[in-house]
Number of protein chains: 2
Amino acid sequence: MKGVRPHSRRLTLSDVAKASGFSSSTVSIVLNEAPLSRYVAAQTKQKIRETAERLDYRPDVFARSLRSRRSHTVGVLVVDLADPFCTLILQGIERKLMQTPYLPIIMDAHNQPNQVERYVKMMLERRVEGLITVANWLLFKMEILEQVSAHSLPNFVVGRGLQSSRIHSVSADNETGGYAAMRHLYELGHRQIAFIRGPRRLADTRFRWKGVRRFAREHHLRLHPKLTQSLPETSDFMSSFECSRRLTIGLLESGECFTALLAFDDISAYGAIRALTEAGRQVPGHCSVIGFDDIPAAALSSPGLTTVRQPMLEMGEYAAEYILRSLEVRSHELRSQGPGSQAKEAFRGQNHLLAAELVIRGSTAPPRQQGQSLSGAL
Amino acid sequence: MKGVRPHSRRLTLSDVAKASGFSSSTVSIVLNEAPLSRYVAAQTKQKIRETAERLDYRPDVFARSLRSRRSHTVGVLVVDLADPFCTLILQGIERKLMQTPYLPIIMDAHNQPNQVERYVKMMLERRVEGLITVANWLLFKMEILEQVSAHSLPNFVVGRGLQSSRIHSVSADNETGGYAAMRHLYELGHRQIAFIRGPRRLADTRFRWKGVRRFAREHHLRLHPKLTQSLPETSDFMSSFECSRRLTIGLLESGECFTALLAFDDISAYGAIRALTEAGRQVPGHCSVIGFDDIPAAALSSPGLTTVRQPMLEMGEYAAEYILRSLEVRSHELRSQGPGSQAKEAFRGQNHLLAAELVIRGSTAPPRQQGQSLSGAL
DNA sequence: TTGTAAGCGTTATCAT
DNA sequence: ATGATAACGCTTACAA
């Protein structure tokens, strides 16, 4: 038989059964710690576990899934992995799932709506037991996700823009965030504030703006319409850099005076900063800039970007927790043969909000009086 | 039967068989376009495809994998997803795999060596047909990956730091990159250049430095040891920001004169910039700074960061291609029953290098004469 | 307390 | 050209 590779056949359950002297059912029951294993003698368990260990037995996931109808996987659909907003959310999800037998199956739609659809289908085919969608920039049709709910799988959306849907979700408290950003600028002494709002259709845009307006109302601050611009309905998160830069140039050329600029998010804040510095205005010397999100770059740049942090790690963890809990509820239902309970509904609200926290860095400062020194600009 | 959910049983192959009037073997052969399908009448094929389509038949991946011993998945192990260096690589991998029946299974080790080990095992258990490791910051033991090779699966590493291993890999041409960075500074007129080198143990560090030294030698430029600092052996990519900032402060305090600084990577470049601006030095006005990698933030900050771009997308694509090709070779081997051929070895070299390209942005400029104007600093 | 046996939905090897 | 039939490795009634 020289030349023929032995191709050592994989070790199966019945190998362990033979080696331990018990039947494969007993072995299966013991190794899975199935309910029935309560009735198996401690000695037997011990022996079985030992031999399994000794032989380094690894169950075949496919056979197991085929038979048990469970995949022990959770689908994670990322609309665009390149968006820095996403990665921490993913880490949050993974961190939670790591402690469980569930494995996240991550797919990246590259910001292409048809990929989203394709991947949802693939997820379903791969029999994920739940789906988490990380929607950084929500311009794909939510209806696609209804398929998942139709299969009565736990379905959850984390991140931007979910407004009216029956799908549970978590996002940062945009309104309070917008409010906090405004207050920060106000407390520094700014009264002439320019705004780069997000795309109008985005729910986030509206919520943040609501917070801004609420603060303005409470403090008798007039929001000058000429200082208020909106990003176009772009599909690509990166394009908002360039759009924001253009809008800021327009703001500058309009001749209107402003000492601070509140941007929709960090990317657009950087676009604004680029326009300002190109026009010879220092940040924060001549103009303070504040963003939203706290993407990793915000801590890197000089000056650091003052921003409103979305708790992305926590959002990811929350999403994973939701799925885990739903799965738990479900298996209880099955066990008790009861009809669908509404225990799941108890999960704090349809769209949960996590606090957004102001992170003060170097891009904001008190407005400078005319003629004041240029030094100490940082 | 009221109250009992019908729980509509999944549609199986034999359902399609019955509906189309053929046996399940024929249906299977046709739907898979197996070799044997060449002998199936065109009419039959047509009919079978139609009914499968009509019933919206979806094969069960688990049954299929169990039987065929193939998973059609490729494992992608990311050492740390939060590293901006990784995401584009991932997108490159995915972009390539998208066009094939292979699905990437992405796992993120959160920069924890024991997670790497655990996930490699899980990958193996999930029967991935190949493994791509995205090693942004290589401080875990490569030996873990030997397990994969031991299972005689295609095994590939993309990114930083692979030096001496039998595992194939792709990385940017660090030496040429270092050389290009040097040349750029030199051509701008810089002669007093400070260096923040990477951790000594990292292969990347050595290659980049080699390029730097080669340029210096060729142009009779003396590299002042006092201006040459090394980052410590950190495990976390983000900590290099702070380390670099500290080293730069030291450089500044040493009183040595330098008009440009060449950093190990973009993160450390930003650390240096922070130190410089905090010390009141403008970039590039008083000091030019150049990085390495071209992480997304490099285009966002103002001034934009001049850097040496690692072609991450291409590196990812290359990795996926390697796996795909290996898989192809393998199935040919199986078909021809031959012993392991060395066709695989023909894949351009053990460690393939992709060109690193200089990206000139705003953080580098000609050195300024003493007393020159401050304006136009960008 | 443990063993027997019947599938899960495919694919592959034979026949015909 | 197409159809039986036997695995693949596991879980789970049910039997003992």
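Within every chain, numbering begins at 1; the chains are lettered A, B, ... in the order of the sequence lines, protein sequences first and strands thereafter.
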Between [X] ([atom1]) and [N] ([atom2]), how many Å, whole number?
X: L13(B); N: dA12(C); atom1: CG; atom2: P; result: 12 Å
X: R127(A); N: dT10(C); atom1: CZ; atom2: P; result: 9 Å
X: R58(A); N: dC10(D); atom1: CZ; atom2: P; result: 13 Å
X: L66(A); N: dT11(C); atom1: CG; atom2: P; result: 12 Å
X: D60(A); N: dC10(D); atom1: CG; atom2: P; result: 6 Å
X: K18(A); N: dG3(C); atom1: NZ; atom2: P; result: 14 Å
X: R69(A); N: dA6(C); atom1: CZ; atom2: P; result: 20 Å
X: R64(A); N: dT10(C); atom1: CZ; atom2: P; result: 21 Å

Crowding at CD, Q43(A) (>12 non-hydrogen neighbours, <6.0 Å) | no

Check the surroundings of atom CD in E53(A): do more than 12 heavy atoms from other residues, nucleotides or ligands lie under 6.0 Å from it?
-> no

Residues in salt bridge (Lys or Arg N to Asp or Glu O under 4.0 Å) with [X], at least two apart?
X: E117(A); answer: none
X: R64(B); answer: none
X: R69(B); answer: D60(A)

Just report the end-to-end axis angle for the helix from dT1(C)-dA16(D) to dT16(C)-dA1(D), five pairs per end, to 10 degrees.
-> 40°

Among I167(B), T133(B), V128(B), L153(B), whose side chain to side chain contact (heavy atoms under 4.5 Å, CB included) with V148(B) holds?
-> L153(B)

For the side chain of R67(B) and the base of dT11(C), is some donor closer than 3.5 Å to an acceptor across the two?
-> yes

Please report the C-alpha distance between D80(B) and Q91(A) in whole Å, then the side-chain angles of each, then the deciding distance to 0.1 Å, and finally whether the side chain to side chain donor-acceptor pair (under 3.5 Å) criterion is met.
-> CA-CA 9 Å; D80(B) 192 349; Q91(A) 291 211 322; 3.1 Å; yes

Side chain to side chain donor-acceptor pair (under 3.5 Å) partners of D56(A), counting only residues at least two apart = R58(A)

Parallel, tilted or perpendicular: rings of Y318(B) and H352(B) (30°, 60°) | parallel

Tell me, which of residues 21-52 of chain A have any heavy atom that sits under 4.0 Å from an atom in DNA chain D?
-> S25(A), S28(A), I29(A), N32(A)

